[in-house]
Amino acid sequence: MSPRIAGIGAMASVGHGAAEVFENLCAGRGAPNVMRGFDPSWFSADHLFEIDDRPEPGADVPGRATAFLLDVVGQAVADAGLPEQLDDIPVLVGTGLRELRSVELWWREGAKFQADRLHFGTALRERFGAANTHTFANACSASLYALAFGADLIRLDEADTVIVAGVDSVTTSMYGLADRVQPSPPDRVRPFDRNRRGTILGDGAAAVVLRRDTGRHGVLRSVGINCDAHHPTAPDLDGITTAMRRAHELAGVRPRDIDLVLLHGTGTPLNDAVEARAFGEVFGADAGGPLLTGIKSMTGHTSGSAGVLSLIVALRALATGKVPPITAVDDPIDEVAGYRMVLGTAVAEPLSVAQVNGFGFGGVNAVAIVEAAR
Amino acid sequence: MKSAITGVGLAVPGDASPADLLEPASAGASAVDPAARLGRKGLRYKDRATQLGLCAADEALRAAGLWDLDLDPGERLTVPGDSVAVVVSSNLGNIDTVCRVAQTIGDEGSRATSPMDTPNASSNILASEVAIRFGLRGPNLMVCNGATSGLDAVHWASTVLRGGRAEYVVVLGVEPDNEVVRQLTDAGRVLDGAAAVVLENPEHARGRGVTVHAEVGRYARTSGMAACADRLSSGDTPHVWFTPEGTGIRPEALAGAVRLDISGRRGLCSGALGVLQCAAAVAWFAQGGEGPVMALAGNDSDDATAGVLLYAGVTGD
């Protein structure tokens, strides 16, 4: 029993709304900007992929992640033709950083903030009357993890409709700690490039409506989830290959059935090398088959929202046959030689099955398989 | 389908065993000392919440027969690592790290931060450290869902079992005490402790011959205590009611139930409450108490109330 995707919603620095985000990604638009909500004198780096909604440069306000979330859930609910009153419909939110940016503003600058806004249920209840809400803080695979549990609720007959979302806004602490360990600040996110220097964080949010029987955007065939149990921040080849194989097994697909892979591709030296090797190991002789792309060169690393954001891009690619490129790559790493990387400009070809990767701190891996709507 | 509780672990000031949870907290109980319980090895750079969580998880895994200290290091997990999932609930776990790092950056810039803080800035550090220490490679979920979070975690653990994603789940609820979280929550004191239970399919537990201490039944998350109590008590009148934190009117559906406040005087339990309630239910049934127990978390001023029904364990032959 595979749930269908009946509604989608998205926003990131690259655009507002799933259609605009996808169009801009296909056009290769999307690059980091000079930081707006933070004091650049605190950091070596000075670029971010922020959603530009602050009242004025340098001034930040609490509650931005919550506002992004409500926005994309509203989009997805409207797109699915559901009423805005959600009542018992489960809403599962994956996030890396919750409202921790607001906590920072409260602690450092005396901004008004209460503990019951750390999770998103309070705002979802106010806006949508939703009572069955769940905030999962599963680092950078959070929204795909939430997707796994949303699909399970439908599979286990515990719900007919589930909303799954991801959201994150950049925090001082996460950005500063990344800045601390980067030898020289990256000017761009260059996934799978020999000269990649690390990732750049971004704001982002995305939501999908899963339904048992109806949904024009596609079919969710599986989500494989596991944990490396290896290292708090470094990825692990075994853990990632296991997650991919589990997703294939649950979906009943073989590597040769997969036409498109949305890579996690963060632009960090370690992730991209390990992810490329894991792909090669799992796909073996079929590794030259699927198109490979990723969104982070144009969205930045939007943390917990990245998985469902990538999923929506995959769904639009399956629907339109158009695949947005990875930009800013001049010299691909050896590990991707012979693979059909979509670099620089969009590619068009008919597609029916896509794989979406999401890996996070703590070794939390999630891999989704989606199929075009027929 | 119910889930069986086959192991319990506590790391709570003054509460040596689950039975102590049924009594009011003893005044002046000394803080949990993780190094005394686990040894110093592997605790360096881990935040307080993670250390407390590791203590409770260690005890629960040993109680369930999944972790055997008599075996050689590297072989102590008695079942395959990918058969064990981890679901952790905490709202306040890494707040202290985030505020301290943000303060350092604002005062002295990012160069003054310590890379050792990087893992702790991610809210799922607790869940991943439990996985790493014990080699648990199943699904690994960090639930940060407000007042209901502990019972929500129990629900997601049951979902993992029903969905066939793992054979065992360690469910952990943790809240640390420090100046930052006291200010944020307006609490005089936070629990500074952790509780853990191991869940598995009851048939599976009986099959491997372990004691089922209690069974976890239906779950609901609704607007308000009365609606939650109504939904869960239909067809199954609870004998005991474990109350949410804070004030609340007794729901009509629980008019005849014995009332117990597990959080009472332990400080704010927040995301740990639901798991503490499960541990307390184990003690209740061990003392011959009648079920079902209805555990509620989240009162009428929270965004929702979650509830779980707990039953005495059915012993196999």
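These figures come from a predicted structure and were not determined experimentally. Reminder, nothing fancy here: chain letters follow the sequence lines and each chain counts from 1.
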Legend entry - Basic-acidic side-chain contact under 4.0 Å: Arg165(B), Asp152(A): yes

Legend entry - Proximity breakdown for Gln183(B) and chain A, heavy-atom pairs closer than 4.5 Å: both

Inset, instruction - Measure Gln103(B) against the heavy atoms of chain A and call it side chain, backbone, both or neither at under 4.5 Å. - result: both

Legend entry - Lys/Arg N to Asp/Glu carboxylate O, Asp107(B) vs Arg108(A), below 4.0 Å: yes

Legend entry - CD1-CZ distance between Ile105(B) and Phe38(A), expressed to the nearest 0.5 angstrom: 9.5 Å

Inset, instruction - Pick one of side chain, backbone, both or neither for Leu141(B), based on which atoms fall under 4.5 Å of a heavy atom in chain A. - result: both

Inset, instruction - Find the distance between CG (Asp302(B)) and NE2 (His119(A)) and round it off to the nearest 0.5 Å. - result: 7.5 Å

Legend entry - Contact summary for Ile125(B) and Pro232(A), nearest pair of heavy atoms: CD1-CB, 4.3 Å

Inset, instruction - Measure Tyr145(A) against the heavy atoms of chain B and call it side chain, backbone, both or neither at under 4.5 Å. - result: side chain

Legend entry - Closest contact, heavy atoms only, Val180(B) versus Trp107(A): CG2-CH2, 3.6 Å

Inset, instruction - Could you look at Ser44(A) and say if it's the side chain, the backbone, both or neither that has a heavy atom under 4.5 Å from chain B? - result: both

Inset, instruction - Against chain A, label Tyr219(B) side chain, backbone, both or neither, depending on which of its atoms sit under 4.5 Å from a heavy atom there. - result: side chain

Legend entry - side chain to side chain contact (heavy atoms under 4.5 Å, CB included) between Asn124(B) and Phe136(A), worked out: CA-CA 9 Å; Asn124(B) 70 328; Phe136(A) 301 138; over 6 Å; no

Legend entry - Which portion of Ala148(A) sits near chain B, non-hydrogen atoms under 4.5 angstrom: both

Inset, instruction - Please report the closest heavy-atom contact between Ala137(A) and Cys144(B), naming both atoms and the distance. - result: CB-SG, 3.6 Å

Inset, instruction - To the nearest 0.5 angstrom, please state how far the CG atom of Asp228(A) sits from the CG atom of Leu136(B). - result: 13.0 Å

Inset, instruction - For Asn226(A) and Asp82(B), indicate whether the former's side chain and the latter's backbone hold a donor-acceptor pair under 3.5 Å. - result: no

Inset, instruction - Answer yes or no: is there a side-chain heavy-atom contact under 4.5 Å between Arg100(B) and Ser173(A)? - result: no

Inset, instruction - Compare all side-chain heavy atoms of His155(B) with those of Glu158(A) and state whether any distance is below 4.5 angstrom. - result: yes

Inset, instruction - Search all heavy atoms of Ala102(B) against all heavy atoms of Glu104(A) and return the closest pair with its distance. - result: CB-CG, 3.7 Å

Inset, instruction - Heavy atoms only, distances under 4.5 angstrom: which of Leu153(A), Leu97(A), Asp116(A) has the most pairs with chain B? Name it, please. - result: Leu153(A)

Legend entry - Polar side chain donor-acceptor pair, Asn365(A) to Arg137(B), under 3.5 angstrom: no

Legend entry - Considering all heavy atoms, the nearest Cys99(B)-Val103(A) contact: SG-CG1, 3.5 Å

Inset, instruction - Kindly indicate whether the side chain of Ile132(B), heavy atoms from C-beta on, has any atom under 4.5 Å from the side chain of His230(A). - result: no

Inset, instruction - Have a look at Met142(B) and tell me which of Thr135(A), Thr95(A), Asn138(A), Val364(A) forms a side-chain contact (heavy atoms from CB on, under 4.5 Å) with it. - result: Asn138(A)

Inset, instruction - Below 4.5 Å from any heavy atom of chain A, which atoms of Val130(B) appear? Answer side chain, backbone, both or neither. - result: neither

Inset, instruction - Please work out whether the ring planes of His134(A) and Trp156(B) are parallel, tilted or perpendicular, with thresholds of 30° and 60°. - result: perpendicular

Inset, instruction - Can you tell which part of Leu92(A) gets under 4.5 Å to a heavy atom of chain B, answering side chain, backbone, both or neither? - result: side chain

Inset, instruction - Test side chain to side chain contact (heavy atoms under 4.5 Å, CB included) on Arg98(A) and Ile95(B) and set out the steps. - result: CA-CA 11 Å; Arg98(A) 303 184 274 164; Ile95(B) 300 292; 4.2 Å; yes

Legend entry - Ile225(A) versus chain B, the contacting section by heavy-atom distance below 4.5 Å: both

Legend entry - Proximal component of Arg246(A), with respect to chain B [non-hydrogen, under 4.5 Å]: side chain

Inset, instruction - Sort by residue number and list every member of residues 110-121 of chain B having a non-hydrogen atom under 4.5 Å from chain A. - result: Ser110(B), Arg111(B), Thr113(B), Ser114(B), Pro115(B), Asp117(B), Thr118(B), Pro119(B), Ala121(B)

Inset, instruction - Could you check if a side-chain atom of Val101(B) sits within less than 4.5 angstrom of a side-chain atom of Thr172(A), using non-hydrogen atoms only? - result: no

Legend entry - Polar side chain donor-acceptor pair, Arg221(B) to Thr133(A), under 3.5 angstrom: yes

Inset, instruction - Sort Gln182(A) into side chain, backbone, both or neither according to what part of it lies under 4.5 angstrom from a heavy atom of chain B. - result: backbone

Legend entry - Electrostatic pair Asp88(A)-Arg231(B), nearest N-O below 4.0 angstrom: yes

